[in-house]
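None of the values given here were measured: they were computed from a predicted structure. As the structure lists them, so they are numbered: ligands from 1, and atoms in each ligand from 1. Note that these values count all heavy atoms, side chains included, but never hydrogens, waters or copies made by symmetry.
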Amino acid sequence: MARPRPELAPSLLSADFGRMAEATRLLREAGLKYVHLDVMDGVFVPNVTFGPKMVADLRAEAGELVMIAHLMISQPERYVDEFAAAGADVITVHAEATAHLHRALQQIRAAGKQAGVALNPATPLAAAEEVLESADFLLVMTVNPGFGGQKFVDGGLEKIARARARLDEAGRDVRIEVDGGVKLANIKQVAKAGADVIVAGSAVFGAADPAQAISDLVAALNS
Ligand code: DX5
Ligand code: ZN
C-alpha cells in the first residue's frame, strides 16, 4: 500500500512563547498540514510549558492546521477532555505516563479526536503493540522528552524502521510520528526509515529565518 508523502510538523517549543500566534500563522502560510504542541507538567518531564488554554487560544490562528497535542504529563487521562474541548485534533499520550493506556486512547476517540501513543527512547515498541487498534498515531521519541535542541538518539532510525515493518506486517493504518533531534542533515533519513509525520522544533524556530528553515526542510523531505 503506497503511503502518502511524509509531512513536516513543526513544534512551537522553540518559538517565542510571547508570540505563539505569529509562529502558528507562519506554519499556516507555509502551507503545512500540522502543528505540534508540547505540553509538559514538570513531573513526567523536567520542564513545564503550557496547558489547554494555549491550544484554545491558538485554535483560530491555526485554521486548517491539524493541531497535535503531545502530552508529556503524568496520568494524561485527567486532561484528555480539556485538550479535546480546547480544539486539539490529535491527542498523544505517553505509554509510560499512564497505567491505563488503552482507556486513555479510548477516551480520546470518544471525544471525537485522533489518538496517539508516544514511546520514550528506552521504551520498547512492544509497549504499544496491544493498543494499535485504538491508535491513529505512534509517536517514536528520538530524544528523551523535556527539551528542544537535543541530539537524535543512537538507534533511532533503526527503531523507526522496526516500527514501520511491524505496522506494515500487521496491516495497521497507524501513522508514525518521529519527534526529537530532526535537522536538515537527517530529515531525509528519518523519512526513509518510515516516518509519516516528522517533528522539528529547534531546526525551525531556532533558525534565524524560520520560514526559510521550513522550506529547506520540506525540500529535503521531498528530495
Ligand atoms: C521534546 C519535544 C519535542 C521538541 C523537539 O520533549 O517533545 O517536540 O520540541 O525539539 P527538537 O526538534 O529541537 O529536538
Ligand atoms: Zn513533542
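For Gly146, the closest heavy-atom approach to ligand 1 falls below 4.0 Å. Residue Phe152 places every heavy atom at 4.0 Å or more from ligand 1.
At a heavy-atom cutoff of 4.0 Å, ligand 1 is contacted by both the backbone and the side chain of Pro145.
Ligand 1 places these atoms under 4.0 Å from at least one heavy atom of His70: 7 (O). Here is the list of ligand 1 atoms found below 4.0 Å of a heavy atom in Ala200: 12 (O). Within ligand 1, the atoms closer than 4.0 Å to a non-hydrogen atom of Ser202 are 11 (P), 12 (O), 13 (O), numbered from 1 in the order shown. Near Phe147, meaning under 4.0 Å from any of its heavy atoms, are these atoms of ligand 1: 1 (C), 6 (O). For ligand 1 and Met40, the ligand atoms under 4.0 Å from any heavy atom of the residue are 6 (O).
Between the side chains of His100 and Gln75, no donor-acceptor pair is found at a separation under 3.5 Å. In this structure, a donor-acceptor pair under 3.5 Å is absent between the side chains of Asp38 and Thr49.
The shortest heavy-atom contact between Gly181 and Val143 is N-CG1, 3.7 Å.
Each protein N, O or S atom less than 2.8 Å from the Zn ion (ligand 2) was counted, giving 4.
For residues 104-128, the pairs satisfying salt bridge (Lys or Arg N to Asp or Glu O under 4.0 Å) are Arg109-Asp136, with sequence neighbours left out. For residues 44-73, the pairs satisfying salt bridge (Lys or Arg N to Asp or Glu O under 4.0 Å) are Arg25-Glu61, Arg28-Glu61, Lys53-Asp57, Arg59-Asp89, with sequence neighbours left out. Residues in residues 190-213 take part in these salt bridge (Lys or Arg N to Asp or Glu O under 4.0 Å) pairs, two or more places apart or across chains: Arg3-Asp196, Arg164-Asp196.
The protein non-hydrogen atom at the shortest distance from atom 3 (C) of ligand 1 is Asp179 OD1, 2.9 Å.
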